[in-house]
Amino acid sequence: MGKDVIIALDFDSREKTLKFLDLFTEEKPFVKIGMELYYAEGPAIVKEIKARGHKIFLDLKLHDIPNTVKKAMAVLSGLDVDMTNLHAAGTKAMMEAALEGLTRADGTRPLLIAVTQLTSTTEERMKADLLIDRNLDDVVMHYGKCAAEAGLDGVVCSPLESGKVHEVCGEKFLTVTPGVRFADGDVGDQARVTTPAKAKEIGSDYIVVGRPITQADDPVAAYRRCVAEFVG
Ligand code: C5P
């Protein structure tokens, strides 16, 4: 898979989600289904969106004992998603078990991406609450390395970290990056943001874009602008 724009379907119902997707009459964007929509509508919404021809990143961030994650991943793989994720903090053993569970009988599997430290976690809170006494950047890179060693395909990270992740984990290791805003757009609650063009320049493989597209007056035009800046 090459560079692509992934639209975050941060809606709380099937109705709102399909109303949004119906706007796209010419293209089938790669979409992200997160906890909100998945917990509201269950696996049926994944199957329905897949049947409409979209690629799906199922963003459920699994984190449990290896055996439980392995079995849960086998179920998610059966939904025929294209990409899913987990927390690297679950350890290499958990990540390896996840890959095993995800791999289908025919040897194919969705891409598996790790969350390192959530972008909402500050270095101060990581030290005080998680008792990890290192700088945040080192921790993110170390978790990335562990994910690569476990055989995962990449990490979710800030676009500003993409270059360094590629240096540490290899050029082929995927960086999937949220926190993208148009140069003339609203930043909202994202702290460290980058434009699609800048994300391309830094080397992100996929950008995840929510509100700049979903809340735009013309979502299709906003999506096309993202694709033109990032891919085209
Ligand atoms: O609306 P916005 O473009 O900020 O949406 C970004 C999407 O990426 C949301 O679904 C958000 O939950 C997700 N995300 C993020 N930062 C992370 C991981 C996921 O913004 N570190």
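In listed order, ligands and their atoms are each counted from 1. Quick caveat: nothing in here was measured; it's all calculated off a predicted structure.
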**Complete:** Closest heavy-atom pair, Ala183 versus Thr195, reported as atoms and distance to 0.1 Å, is N-CG2, 3.6 Å
**Request:** For Ser158 and Thr119, test the side chains for any donor-to-acceptor distance below 3.5 angstrom and give the result as yes or no.
**Result:** no
**Prompt:** Are any of the N or O atoms of Thr119 closer than 3.5 Å to those of ligand 1?
**Reply:** yes
**Message:** Return the closest protein heavy atom for atom 10 (O) of ligand 1 as residue, atom name and distance.
**Reply:** Asp10 OD2, 2.8 Å
**Prompt:** Does the side chain of Thr214 reach to within under 4.5 Å of the side chain of Pro219, using non-hydrogen atoms?
**Reply:** no
**Request:** Could you check if a side-chain atom of Val5 sits within less than 4.5 angstrom of a side-chain atom of Pro196, using non-hydrogen atoms only?
**Result:** no
**Prompt:** Can you find an N/O atom of Lys32 closer than 3.5 Å to an N/O atom of ligand 1?
**Reply:** yes
**Prompt:** Nearest protein heavy atom to atom 6 (C) of ligand 1, by residue and atom, and its distance?
**Reply:** Gln190 NE2, 3.9 Å
**Prompt:** Given Gly34, Gly179, Ala8, which one has a non-hydrogen atom that is nearest to atom 7 (C) of ligand 1?
**Reply:** Ala8
**Asked** For atom 18 (C) of ligand 1, what is the nearest protein heavy atom, given as residue, atom name and distance?
**Response** Pro178 CG, 3.8 Å
**Request:** Do me a favour and list the nearest non-hydrogen protein atom to atom 3 (O) of ligand 1 with residue, atom name and distance?
**Result:** Gly210 N, 2.8 Å
**Prompt:** Any non-hydrogen atom of Pro212 lying under 4.0 Å from ligand 1?
**Reply:** yes
**Request:** Check each atom of ligand 1 against the heavy atoms of Arg181 and keep those under 4.0 Å away; list them by number with element.
**Result:** 1 (O), 2 (P), 3 (O), 4 (O)
**Complete:** For Arg211, the atoms of ligand 1 under 4.0 Å from one of its heavy atoms are 1 (O), 2 (P), 3 (O), 4 (O)
**Prompt:** Less than 4.5 Å apart, any side-chain heavy atom of Val115 and any of Val155?
**Reply:** no
**Asked** Do Arg125 and Thr121 have a side chain donor and acceptor closer than 3.5 Å?
**Response** no
**Prompt:** When you measure from the side chain of Arg14 to the backbone N and O of Glu41, does any donor-acceptor pair fall under 3.5 Å?
**Reply:** no
**Request:** Please work out whether any backbone atom (N, CA, C, O) or any side-chain heavy atom from C-beta onward of Ser158 is under 4.0 Å from ligand 1, and answer side chain, backbone, both or neither.
**Result:** neither
**Item:** Exercise: identify the closest heavy-atom pair between Val220 and Leu23
**Value:** CG2-O, 3.3 Å
